Amino acid sequence: MGNARSGALSKDLLADLKTNTKFSEEQLYVWYQKFLNECPTGRISREQFQSIYASFFPDADPKAYAQHVFRSFDSDSDGTLDFREYIVALHLTSSGKTVEKLEWAFALYDVDRNGSITKNEIHEIVKSIFNMISKDDQKNLPDDENTPEKRTDKIWDFFGKKENGKITEGEFIHGVMDNKNILRLIQFDEPQKVQERLKEKKQ
């Protein structure tokens with residue numbers, strides 16, 4: 001692709017990403033070339049995204065979690081990730097600010113994208129997280145959170161909602177920021193490790 005890189009990455013997109021991520025102009029150009037090398041069409045499909053996850057978790061079942069992560073970054077709901085969505089995903093999962101990460105976590109748990117989270121949605125994400133945890137590691141979890149149902153109940157009880165209640169984005173972010181234990185329960189740290197491995201692989 002050589003010297004075509006400056007023409008391929010528009011000035012508007014470059015300015016947008018420099019403002020909204022930690023990456024420098026030079027880094028963004030490098031990432032853009034790597035992105036096009038991996039995805040010549042300029043887009044990552046859901047299937048490609050899932051296969052990346054699957055390659056890193058041969059002993060687990062990452063399909064459901066990968067689908068949810070993909071959805072949370074597919075901001076225009078077109079079934080693919082373009083370069084902007086991909087860079088924002090890299091930024092948030094590797095070095096985004098706490099509030100930014102929690103905004104993403106809310107989007108992850110807001111499965112139907114209606115602006116609030118239900119207990120069923122929490123259970124759906126927690127269940128997909130458990131598919132990523134090895135059976136041996138699950139045995140080492142505390143008794144009150146060693147199944148998707150128990151962990152869901154623990155999270156839901158923290159927010160003090162009725163069974164059919166809803167959690168707004170503001171409630172979610174403030175609640176999690178005020179309680180590190182809940183932060184631990186809602187997240188799964190492997191995606192960041194996946195991004196680090198991807199970076200190593202592409203260098």
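Note that the structure is predicted; figures quoted are calculated from it, not measured. Note: hydrogens, waters and symmetry copies are ignored here, and every other heavy atom, side chains too, is used.
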request  = Answer yes or no on whether K101 is positioned over the face of W104, meaning its NZ or CZ is under 6.0 Å from the six-membered ring centre and within 45° of the axis.
outcome  = no

query = Passes salt bridge (charged side-chain N to carboxylate O under 4.0 Å, His left out), D153 versus K119? Steps please.
reply = CA-CA 8 Å; D153 285 341; K119 188 174 182 179; 2.7 Å; yes

Under a 3.5 Å distance rule, please check whether [X] uses its side chain to pair with a backbone N or O of [Y] as donor and acceptor.
X	Y	result
E25	K18	no
R151	I186	no
W156	K162	yes
E121	V111	yes
D82	R43	no
H91	K22	yes

task = Taking atom NZ of K161 as the centre, report whether more than 12 heavy atoms of other residues, nucleotides or ligands fall under 6.0 Å from it.
result =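 Yes - once you tally the heavy atoms of other residues, nucleotides and ligands closer than 6.0 Å, there are more than 12.
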
query = Which heavy atom in K166 sits nearest to a heavy atom in T118, and how many Å separate them?
reply =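 Smallest interatomic distance, heavy atoms only, reads CG-CG2, 4.1 Å.
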
key: Lys/Arg N to Asp/Glu carboxylate O, K150 vs E145, below 4.0 Å   = no

ask   = Parallel, tilted or perpendicular for F159 and F172, by the 30°/60° rule?
value = parallel

message = Can you confirm whether D12 sits close enough to D16 that some side-chain heavy atom of one is under 4.5 Å from a side-chain heavy atom of the other?
response = no

